[in-house]
Student: 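Handing you a structure now.
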2 protein chains.
Amino acid sequence: MARPKSAAARDKMIEAAQEIIRDQGVDGFTIDEVARRSGVARTTIYRHFGSGDDLLLAAIDHIVAEVEAPDTGSLRGDLRAAIGSLLDASRTPELRQVFVSILRRALVDDEFATAFRAANDQRHVALRTAIQRGIARGEVAPDINIELALQFVQGPFLVKRLIENDDVTDREFEALLDIIVRALTTRT
Amino acid sequence: MARPKSAAARDKMIEAAQEIIRDQGVDGFTIDEVARRSGVARTTIYRHFGSGDDLLLAAIDHIVAEVEAPDTGSLRGDLRAAIGSLLDASRTPELRQVFVSILRRALVDDEFATAFRAANDQRHVALRTAIQRGIARGEVAPDINIELALQFVQGPFLVKRLIENDDVTDREFEALLDIIVRALTTRT
DNA sequence: GTATTCCGATACGCTGACGTTTCATTATGG
DNA sequence: CCATAATGAAACGTCAGCGTATCGGAATAC
């Protein structure tokens with residue numbers, strides 16, 4: 001072994017790839033564009049990543065949005081914090097596009113489906129811990145179906161932000177929180 | 001005027017376009033493919049629709065899924081019917097792809113955003129009438145915020161089917177219905 | 001210090017899609 | 001019936017992206 005593959009070049013490629021994804025979504029991703037932005041030669045990209053998709057997948061891995069999940073002392077507060085940071089992220093048009101474009105590819109391509117699921121995990125973790133803290137506090141029934149609850153908590157916001165492409169005002173945010181918290185804390 | 005533009009040709013084009021959309025989503029749509037499938041010459045397509053997008057938009061207009069909204073006598077029954085037919089539709093992988101691919105374009109292109117909104121209206125109508133019947137029956141508080149309720153009703157299913165790409169079993173369906181109905185009928 | 005391997009750059013061929021032009025053929029309104 | 005306008009077919013140029021090949025120069029392990 002005389003010269004290892006340059007890690008610097010690799011980083012530059014991935015960085016450029018992420019930049020592109022943020023700017024134009026997964027669909028705007030091109031090898032040429034990565035080369036242009038990164039300054040790395042197209043040939044080198046092929047040598048590091050066999051195909052463009054591999055680079056794309058590697059880039060997606062690192063693009064997960066940070067989701068906060070502080071312990072605020074109440075279910076409602078925890079949910080507000082977690083969902084709030086999700087809403088903040090969803091207000092960036094680019095991130096919305098990233099999300100949907102990956103979602104689209106995930107429907108067609110299994111590798112993307114896996115990557116997409118992984119990227120969504122962090123969101124789930126935040127919400128799940130919020131609910132589990134609620135259980136620990138006694139606010140939420142311990143026999144709750146957490147997976148269902150998750151869908152139930154995310155759902156309304158996803159509809160509003162992603163499909164309707166409407167902003168969620170503070171009033172609406174609180175109103176939805178009301179409904180959700182009430183539903184989660186209501187005994188059967 | 002000696003010879004009007006052939007309505008038959010126009011129909012064939014739109015039909016072919018819809019076929020393509022169903023098969024491969026909006027992104028697989030090409031003028032060439034429309035020409036191939038419809039048997040209409042590419043030139044003719046350009047003469048009828050200035051650009052490919054116009055044809056695409058025209059095709060989307062006619063591709064709305066039918067949503068049933070029968071009066072079953074109870075809020076729960078109405079919701080089950082309406083959501084059930086949505087779920088049926090969402091089980092077709094093609095439709096899921098159609099939905100997401102249009103959603104994606106809608107984030108970028110205003111014309112598509114409008115078309116997408118129109119296509120979603122039928123879904124809203126069904127759910128909205130279900131809720132309004134609930135109000136009429138006295139099951140639902142009359143001062144409910146219907147728009148919020150709508151997001152709330154669709155949300156969980158969209159998350160499960162679209163994002164997680166998981167099937168919704170009958171058990172889960174009923175469990176979610178439980179939560180939703182309870183939330184809608186609970187007094188403040 | 002040198003051999004080995006990587007990097008950058010350029011060029012090439014291929015494919016799919018777009019949109020335009022031309023022209024012979026066909027259908028139809030009047 | 002016939003002038004008029006639409007259709008189908010083929011050709012053309014353009015452009016973007018993909019993937020490969022080649023080659024001089026540069027970096028690094030040993």
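Letters A, B, ... are given to chains in the order of the sequence lines, protein chains preceding strands, and every chain is numbered from 1. Excluded from the calculations below are hydrogen atoms, water molecules and symmetry mates; all remaining heavy atoms, backbone and side chain alike, are included.
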Student: What's the separation between atom CZ in A:Arg133 and atom CG in A:Asp71, rounded to the nearest 0.5 Å?
Tutor: 4.0 Å
Student: Taking N and O atoms by type only, does the side chain of A:Thr43 place a donor or acceptor under 3.5 Å from a partner on the base of C:dA9?
Tutor: yes
Student: Return the value, rounded to whole Å, for the distance between atom CG of B:Asp53 and atom C1' of C:dC18.
Tutor: 12 Å
Student: Grab the CG-C1' distance between B:Asp27 and C:dG16 for me, whole Å please.
Tutor: 15 Å
Student: Between atom CG of B:Asp61 and atom CD of B:Gln18, what is the distance when rounded to the nearest 0.5 Å?
Tutor: 9.5 Å
Student: Once you round it to whole Å, what is the distance between P of C:dC18 and CZ of B:Arg36?
Tutor: 10 Å
Student: State whether the distance check finds a donor on one side and an acceptor on the other, under 3.5 Å, for side chain A:Arg42 versus base D:dG19.
Tutor: yes
Student: Could you check how far CG of A:Leu56 sits from P of D:dC18, rounded to whole Å?
Tutor: 11 Å
Student: Return the value, rounded to whole Å, for the distance between atom CG of A:Asp32 and atom C1' of D:dC18.
Tutor: 8 Å
Student: Do the side chain of B:Glu33 and the main chain of B:Thr30 share a donor and acceptor less than 3.5 angstrom apart?
Tutor: no
Student: Let me know the distance between CD1 of A:Ile20 and C1' of D:dG17, rounded to the nearest Å.
Tutor: 13 Å
Student: Does any N or O donor sit under 3.5 Å from an N or O acceptor when you compare the side chain of B:Arg3 with the base of D:dA5?
Tutor: no
Student: Output the rounded distance in Å from CD1 (A:Ile45) to P (D:dT20).
Tutor: 14 Å
Student: Donor-acceptor check, side chain of A:Arg161 to backbone of A:Ser90, threshold 3.5 angstrom: yes or no?
Tutor: yes
Student: Could you work out which one of D:dT7, D:dA27, C:dG8 sits closest to the side chain of A:Val40?
Tutor: C:dG8
Student: Any side-chain N or O of B:Thr44 under 4.0 Å from OP1/OP2 of D:dG8?
Tutor: yes
Student: Does C:dC6 have OP1 or OP2 under 4.0 Å away from a side-chain N or O of A:His48?
Tutor: no
Student: Checking B:Asn145 side chain against B:Glu147 main chain: does a donor-acceptor pair fall under 3.5 Å?
Tutor: yes
Student: Just the rounded figure in Å: distance from C1' of D:dT4 to NZ of B:Lys5.
Tutor: 13 Å
Student: Could you tell me whether the side chain of A:Arg47 has a donor or acceptor atom within less than 3.5 Å of a complementary atom in the base of C:dG8?
Tutor: yes
Student: Which listed nucleotide (D:dG17, D:dT28, C:dT28) is nearest to the side chain of B:Pro4?
Tutor: C:dT28
Student: With heavy atoms under 4.0 Å as the rule, sort A:Ser51 into base, sugar-phosphate or nothing.
Tutor: nothing
Student: Measuring from the side chain of B:Tyr46 (C-beta onward, heavy atoms only), which nucleotide among C:dG19, C:dA9, C:dT26 has the closest atom?
Tutor: C:dG19
